[in-house]
Amino acid sequence: MKALQIYDPRERTLVRTADALLAAGSILARPFHGRRHRPAPKRILLLRLERIGDLLMALAGIAAVRRFAPAATIDLVVGSWNEALARAIPSVDHIETLDARWLARDGTGLDLAAMMRRAAAWRRREYDIGINFEPDIRSNILLAAARPSWTAGYASAGGGPLLDLALDYDAGSHTSDNARRLTAAVFESQLAEATGPLL
């Protein structure tokens, strides 16, 4: 496992340990496998909590979600520092802000436990698909806490066993290319025949 964007050796060790436990079939991982998303999802949850550049580089992937699911309601969760930009994205229906403590520059923001409580409140929205555009075990855990019917993201920095579709983040490719590849992988099994080549 390549622990992207985790520079503290202790954190890398913690991520590797947590991922090994999940991969071994822990109780947390079991409910998230073997599910299928609907061919025409009604509601989709997208996570992109990081900085402005990270959100900008996810725009092509977000636009592709809209293209592949034109009738769906798409909710995007971002850090409050990206709220104005997120509200200008035409592909998205609703914006929610959530500041992670590990991303907030002033030391404020929520810890993972508090963020999971917020995510648990999203369950009543009954998301068909959840997509995490970040290679980070913490946001994979957050996505799992929201309990979409089907989830996708990156396994490279941990939390892959919590996802129904877990891609490796290609550190040699541009972030926007990774986002487009993730979106294409989410929809190709359902839409490839109807739409032809994806992206």
Q: Examine distances only and state if a side-chain atom of N132 and a backbone atom of Y154 form a donor-acceptor pair shorter than 3.5 Å.
A: no
Q) Is a side-chain N or O of N82 found less than 3.5 angstrom from the main chain of G79, in a donor-acceptor match? A) no
Q: Decide whether M57 and V186 are clustered together by the hydrophobic rule: side chain heavy atoms of Ile, Leu, Val, Met, Phe, Trp, Tyr closer than 4.5 Å, transitively.
A: no
Q.
Show the nearest heavy-atom pair for residues A58 and A179, with the distance to one decimal.
A. CA-CB, 4.1 Å
Q: Could you tell me how the ring of F187 sits relative to the ring of F68: parallel (under 30°), tilted (30 to 60°) or perpendicular (over 60°)?
A: tilted
Q | Which atom of N140 lies closest to which atom of G158, heavy atoms considered | A | ND2-O, 2.9 Å
Q) With a 4.5 Å limit on heavy-atom distance, are the side chains of R181 and L167 in contact? A) yes
(Q) Rounded to the nearest 0.5 Å, what separates atom CZ in R117 from atom CG in D111? (A) 6.5 Å
Q: Find out whether I62 and L55 are in side-chain contact, i.e. whether some heavy atom of one side chain is under 4.5 Å from a heavy atom of the other.
A: yes
Q. Closest heavy-atom contact between Y127 and D75?
A. OH-OD2, 2.5 Å
Q: Please answer whether the main-chain N or O of K42 pairs with a side-chain N or O of D128 as donor and acceptor at a distance below 3.5 Å.
A: yes
**Q.** S91 OG to I74 CD1 distance, which is reported to the nearest 0.5 Å
**A.** 6.5 Å
Q.
Less than 4.5 Å apart, side chain to side chain, heavy atoms only: is that true for L46 and V77?
A. no
Q | Expected output: side-chain T183 to main-chain R180 donor-acceptor under 3.5 Å | A | no
Q.
Check this for me, if you would: do E126 and R124 make a salt bridge, where the nitrogen-to-carboxylate-oxygen distance has to be below 4.0 angstrom?
A. no
Q) Can you tell me how far the NE2 atom of H94 sits from the OG1 atom of T73, to the nearest 0.5 Å? A) 6.5 Å
Q. For L59, does its backbone N or O pair with a side-chain atom of R48 as donor and acceptor, under 3.5 Å?
A. no
Q) Side chains of I141 and M116: closer than 4.5 Å at any heavy-atom pair? A) yes
Q. Under the side chain to side chain contact (heavy atoms under 4.5 Å, CB included) test, which residues partner A100, sequence neighbours left out?
A. W102, L103, M115
Q) Salt bridge between R118 and E96, side-chain N to carboxylate O under 4.0 Å? A) yes
Q.
Has D99 got a side-chain atom pairing as donor or acceptor with S80's backbone, closer than 3.5 angstrom?
A. yes
Q) Less than 4.5 Å apart, any side-chain heavy atom of L165 and any of W150? A) yes
Q.
Any heavy-atom pair between the side chains of R51 and R105 that's under 4.5 Å?
A. yes
Q: With side-chain contact (heavy atoms from CB on, under 4.5 Å) as the test, would you mind laying out the steps for T97 and W81 before giving the verdict?
A: CA-CA 9 Å; T97 62; W81 42 82; over 6 Å; no
Q) Shortest non-hydrogen contact from S173 to N178? A) O-ND2, 3.6 Å
(Q) With side-chain contact (heavy atoms from CB on, under 4.5 Å) as the criterion, how do L49 and E134 come out once you've worked through the C-alpha distance, each side chain's angles and the decisive distance to 0.1 Å? (A) CA-CA 8 Å; L49 303 177; E134 300 168 19; 3.2 Å; yes
Q) Which heavy-atom pair separates W122 from L47 by the least distance, and what is that distance? A) CZ3-CD2, 4.2 Å
Q.
Would you compute the distance between atom CG of D170 and atom CG of L182 and round it to the nearest 0.5 angstrom?
A. 12.5 Å
Q: May I ask you to decide whether R66 forms a salt bridge with D93, counting only side-chain N to carboxylate O separations under 4.0 Å?
A: yes
Q. Can you name the nearest heavy-atom pair linking T151 to L162, along with the distance?
A. OG1-O, 3.5 Å
Q: Answer yes or no: is there a side-chain heavy-atom contact under 4.5 Å between L98 and L110?
A: yes
(Q) Using 0.5 Å steps for rounding, measure from the CG atom of L112 to the OG atom of S139. (A) 9.5 Å
